[in-house]
2 protein chains.
Amino acid sequence: MPTVSSEELAAAAGVNSAKLRKDFSYLGSYGTRGVGYDVEYLVYQISRELGLTQDWPIVMVGIGNLGAALANYGGFASRGFRVAALIDADPAMTGKSVAGMSVQHADDLEKIVDENGVSIGVIATPAGAAQQVCDRLVAAGVTSILNFAPTVLSVPDGVDVRKVDLSIELQILAFHEQRKAGEGAVDGAEGAGVGVEGPAAKVTRPTAGDDRKGPDGDVPAVMPA
Amino acid sequence: MPTVSSEELAAAAGVNSAKLRKDFSYLGSYGTRGVGYDVEYLVYQISRELGLTQDWPIVMVGIGNLGAALANYGGFASRGFRVAALIDADPAMTGKSVAGMSVQHADDLEKIVDENGVSIGVIATPAGAAQQVCDRLVAAGVTSILNFAPTVLSVPDGVDVRKVDLSIELQILAFHEQRKAGEGAVDGAEGAGVGVEGPAAKVTRPTAGDDRKGPDGDVPAVMPA
DNA sequence: CCATCTTTGTGCACGCGTTCACAAAGACAT
DNA sequence: ATGTCTTTGTGAACGCGTGCACAAAGATGG
Ligand SMILES: NC(=O)c1ccc[n+]([C@@H]2O[C@H](COP(=O)([O-])OP(=O)(O)OC[C@H]3O[C@@H](n4cnc5c(N)ncnc54)[C@H](O)[C@@H]3O)[C@@H](O)[C@H]2O)c1
Ligand SMILES: NC(=O)c1ccc[n+]([C@@H]2O[C@H](COP(=O)([O-])OP(=O)(O)OC[C@H]3O[C@@H](n4cnc5c(N)ncnc54)[C@H](O)[C@@H]3O)[C@@H](O)[C@H]2O)c1
């Protein structure tokens, strides 16, 4: 019986082993003292808790540049997500084959969602259409939305929205990049011509690097998503 | 002089006003008591702190389905990112025009990075090529990488990597989706035929919803990115 | 110039997640 | 069966971010 110790897993994941054990204990998973965790059983338990044992049908709305790339992406299927339908409002797109599927017209959105029992939708339409598409998805029964359009979506309680904003990803990188460049230059004005400086002497700046917890740092939670 | 109070901003962002004020105080930005914050000055201060006042040249490597979609995306430029070059290893791609730019060959990667003073790179190659591309980018002087390939990249200290994994985004949605479905069914086995159950009685499960801090919830930090 | 009113900046306390440290549990050898 | 050795599961302490509450600051009006 192949096993792993919490120590090994923690090292691989880059986290504290005690934390990992405590987290596992919340899941009810348990190992064998002196031995470790049965790999197969552990994987099953975690998969089940994360909802990976069941198949989730998803619909994708907006089959343009990004939507088509997503539709062609094989990584979804391997994690238990099945693209049930591709939907676009452009009549020119309707009927076209993308990633081996026929693109369906947005008029049938409600029917498609209902017939396939879809609860997760992906929005890759232009920003202007996103809220409207979102409303229709929600009305049709979708309760989780992955949004690629650069808009904040309003949804009723009980509906989850995750927004993928690539610009913000880059901004986070740029933020840390700037910090690297400015390191050591305590009161020096990095960059060119920063005119209005204000009373910078009042600044109580935490030591650089303090804001990072794990392997991937995040910015403070002030800025709205 | 147009101003905003911390109260207004906090309401708009959905956070506590005290937290917002404290965060602002870290930036050295300061408002006027009894009045609020000068909007223009505040925007400038935050932009500067976040690195938005300078332009960041970026290179994009792997101009396939996803890379091309990204290249066509106008959202980067509006946030101060300039796509300095598109790079692909496929000779058939070289010289082709994508989003108004000529795709350059991967052989010239180092030269391109150097000449443009690029410190941020985007990887949209197949998983197999990602580490190799990453190594070359880093060797050429890139210190921040946005990775779309489903691989964990190894980088030396001082180099930041952010991974965009769309499957994980969907998994997070599915996770919450499952919780919604299982609510109220305290000890009922939702779904079909969950055979091996184990000593579920030992489970000390926190109340559903406890794991959420802000508007967008996240999974516990156990799972590696 | 003084009183009042609004809003900032922050000390302090609370709560939660993380980490330490260790007793208990079980495997395995003798 | 008993002892040893490894690794789990968890109580308790620690540290940090969040939120409360209020004094200080400054604007504004009389
Ligand atoms: N391309 C990228 O890399 C990228 C990156 C980040 C975000 N985004 C965002 O993703 C969205 C899509 O980007 P894109 O480059 O694929 O744009 P696109 O214009 O190529 O595609 C948009 C598609 O949505 C369809 N559409 C429009 N209105 C619709 C509606 N009401 N219902 C259904 N379909 C509708 C259009 O017919 C079109 O096919 C945009 O909001 C964009 O800002 C794109
Ligand atoms: N398409 C999606 O929606 C999506 C979503 C998530 C992740 N991804 C990942 O993003 C990556 C790209 O996806 P895609 O659909 O665009 O694939 P793709 O095959 O269409 O494009 C890959 C491109 O990379 C180029 N390439 C290969 N090796 C290279 C190298 N060593 N140097 C430079 N260029 C090289 C290829 O010539 C090709 O043009 C994949 O790793 C994929 O798993 C894609």
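Letters A, B, ... are given to chains in the order of the sequence lines, protein chains preceding strands, and every chain is numbered from 1.
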Gap between atoms CE and P, on B:Met1 and D:dA27 respectively (whole Å): 9 Å

OP1 or OP2 of C:dG9 under 4.0 Å from side-chain N/O of B:Tyr37: yes

Rounded distance (Å) that lies between atom P of D:dT8 and atom CZ of A:Phe24: 10 Å

OH-OG distance between B:Tyr37 and B:Ser5, expressed to the nearest 0.5 angstrom: 9.0 Å

B:Asn65 (side chain) donor-acceptor with B:Ala69 (main chain) under 3.5 angstrom: no

Between C1' of C:dT10 and CG of B:Asp23, the distance in whole Å: 13 Å

For atom CZ of A:Arg21 and atom P of D:dT6, their distance in whole Å: 15 Å

B:Glu8 CD - C:dT8 C1' separation (whole Å): 14 Å

Length of the line joining A:Leu20:CG and D:dT8:P, which is rounded to integer Å: 9 Å

Touch class at under 4.0 angstrom, heavy-atom based, for B:Ser6 against every strand present: sugar-phosphate

hbond_proxy B:Lys22 side chain to D:dG19 base (donor-acceptor, 3.5 Å cutoff): yes

Separation of A:Ser119 OG from A:Ile145 CD1 (nearest 0.5 Å): 11.0 Å

Euclidean distance, atom NZ of residue A:Lys19 to atom C1' of D:dG15 [Å, nearest integer]: 14 Å

Quiz item: B:Arg33 side-chain donor-acceptor pair to C:dT8 base, under 3.5 Å: yes

From A:Gln171 atom CD to B:Arg162 atom CZ, the distance as rounded to the nearest 0.5 Å: 11.5 Å

Closest nucleotide among D:dT7, C:dA27, D:dA21 to the A:Val35 side chain: C:dA27

Pair A:Thr143, B:Glu177: side-chain N/O donor-acceptor within cut-off below 3.5 Å: yes

B:Glu7 CD to D:dA21 P, straight-line distance once rounded to whole Å: 14 Å

Closest to the A:Ala18 side chain, choosing from C:dA21, C:dA27, D:dC20: C:dA21

Pairwise 5' ranking along DNA chain D for A:Gly31 and B:Asn16, keeping only the more 5' one: A:Gly31

